[in-house]
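See structure below.
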Amino acid sequence: MTYPINEIFETIQGEGMFTGVPAIFVRLQGCPVGCPWCDTQHTWDMKPELKVSAEQLASKTGPTAEWAELSANAILQFFQERKFTARHVVITGGEPAMYDLRPLAEVLEQAGYRLQIETSGTFALQVSEQMWVTVSPKLDMPGGFLVRPDCMKRADEIKYPVAMQKHIDALDLLLQQCPPRSDAVISLQPISQRPRATELAIQTCIERNWRLSVQLHKYLHIE
């Protein structure tokens, strides 16, 4: 089993439940969902002519559409060769749920890592029992994919981007149609740090005892 990797880097998790935790991000290539505000649109397409080696992947200095094909063991080796110290691994994209992540989870969890997936909830999850699942539901996106009830039920955390009241209303409808577990954390994330969106998210979180996710990494100007 191999995975198309856009980049691997070590930083601080800036969103959701693990905000502030040192983390290794494994960003997979490929996503058909098509969110208009996506800040990783370079991961959408997997063009054969942009496939590179692991060494070339490691030398990337910015966001590009280049990608490398790595096995689970090669990914672990990538961590070790670069002496990454974080023990939390965030599998993101693109849309990482397009791939069977169980072989990767087996290798990394046996090596002592805790895994988290960030997904749109539009593909069936193939993850380990221990993996923390963050579903950021993408509704009415250009790709036409529907949020899956099984993904919502598996979610440990539902992290939803908001800008206007209609986004809150859409989330309310989704929670009725695809109810999550009673212990799932619900986080609201203001889109692009807009003041009105932030005010709306704060007020709604207070009213409903939800959690605010403020994309700390963007305020700190880090990856």
Side-chain angles (χ1 to χ4, degrees), residues 1-16 18-35 37-120 122-123 125-128 130-134 136 138 143 215-218 220-223:
M1 183 73 190
T2 59
Y3 300 93
I5 307 296
N6 178 271
E7 61 180 339
I8 299 175
F9 59 95
E10 190 174 44
T11 186
I12 296 291
Q13 170 63 290
E15 299 179 0
F18 293 99
T19 296
V21 173
I24 302 167
F25 275 70
V26 178
R27 188 179 304 284
L28 275 65
Q29 192 78 11
C31 182
V33 179
C35 305
W37 64 79
C38 177
D39 56 5
T40 57
Q41 293 190 18
H42 57 282
T43 67
W44 287 6
D45 299 318
M46 194 158 49
K47 298 179 180 179
E49 64 271 21
L50 294 180
K51 184 177 179 180
V52 299
S53 67
E55 291 73 22
Q56 290 170 306
L57 182 75
S59 65
K60 288 176 65 170
T61 57
T64 73
E66 294 175 327
W67 59 280
E69 190 172 16
L70 301 180
S71 67
N73 285 316
I75 292 170
L76 176 59
Q77 183 178 353
F78 194 102
F79 295 178
Q80 294 169 339
E81 288 177 347
R82 282 146 195 86
K83 296 181 170 57
F84 290 158
T85 56
R87 307 304 293 177
H88 184 74
V89 176
V90 180
I91 305 172
T92 186
E95 177 44 77
M98 292 171 60
Y99 308 102
D100 185 351
L101 299 175
R102 290 169 296 188
L104 177 59
E106 182 178 3
V107 169
L108 295 184
E109 287 173 351
Q110 285 184 357
Y113 293 93
R114 176 182 58 198
L115 272 60
Q116 173 187 6
I117 180 177
E118 296 181 338
T119 174
S120 64
T122 56
F123 287 81
L125 292 167
Q126 301 175 86
V127 299
S128 68
Q130 295 78 24
M131 192 179 298
W132 179 273
V133 174
T134 298
S136 184
K138 301 302 188 295
Q215 292 190 294
L216 178 66
H217 56 292
K218 293 188 177 179
L220 298 178
H221 305 290
I222 61 175
E223 279 194 276

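For this chain, numbers begin at 1 and follow the sequence in order. Only heavy atoms go into these numbers, but all of them, side chains included; no hydrogens, no water, no symmetry mates. Keep in mind it's a predicted model, so treat the numbers as computed, not measured.
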To the nearest 0.5 Å, what is the distance between CG (N73) and CD (E106)? 9.5 Å
K51 backbone acceptor or donor facing E69 side chain under 3.5 Å: no
Please tell me if the side chains of W67 and T43 come closer than 4.5 Å, counting only heavy atoms from C-beta onward. no
Which pair of non-hydrogen atoms, one from H42 and one from Q29, has the smallest distance, and what is that distance? O-NE2, 3.0 Å
Over 60° means perpendicular and under 30° means parallel, so classify the ring planes of W132 and F18, tilted if in between. perpendicular
Quick one: are F79 and E10 in side-chain contact, heavy atoms under 4.5 Å? no
Plane angle bin for F84 and F78 - parallel if under 30°, tilted between 30 and 60°, otherwise perpendicular: tilted
Rounded distance [0.5 Å steps], CD1 in I12 versus OG1 in T19: 10.5 Å
Quick one: closest heavy-atom pair of A54 and L70, and the distance? CB-CD2, 3.7 Å
Scanning both residues in full, the closest heavy-atom pair of D100 with Y3 reads O-OH, 2.6 Å
Test item: Q116 and Q13 side chains (from C-beta on) under 4.5 Å apart, heavy atoms: yes
For A65 and L50, the nearest pair of non-hydrogen atoms, with its separation, is CB-CD1, 3.6 Å
So, the side chain of R27 versus the backbone of G93: is there a donor-acceptor pair under 3.5 Å, distance only? yes
Which heavy atom of P96 sits nearest a heavy atom of G94, and at what distance? CD-O, 3.6 Å
With the side chain counted from C-beta on, respond yes when E15 and T134 share a heavy-atom pair under 4.5 Å apart, and no when they do not. no
Side-chain touch Q126/L101, heavy atoms, less than 4.5 angstrom: no
How long is the straight-line distance from CZ of R82 back to CD1 of I8, given to the nearest 0.5 Å? 8.0 Å
About how many Å separate CG of L115 and CG of L104, when rounded to the nearest 0.5 Å? 6.0 Å
I91 CD1 to L108 CG distance, which is reported to the nearest 0.5 Å: 6.5 Å
In short, A86 meets Y113 closest at the heavy-atom pair O-CE2, 3.4 Å
Run the side chain to side chain contact (heavy atoms under 4.5 Å, CB included) test on V26 and V90 for me, step by step, so that the C-alpha distance in whole Å, both residues' side-chain angles and the decisive distance to 0.1 Å come before the verdict. CA-CA 6 Å; V26 178; V90 180; over 6 Å; no
Is there a side-chain contact between E66 and L57 in this structure, where contact means two heavy atoms from C-beta onward sitting under 4.5 Å apart? no
Just verifying a value: how many Å separate E7 CD and T92 OG1, rounded to the nearest 0.5 Å? 9.5 Å
Indicate whether any N or O donor in one side chain lies under 3.5 Å from an N or O acceptor in the other, for S136 and K138. yes
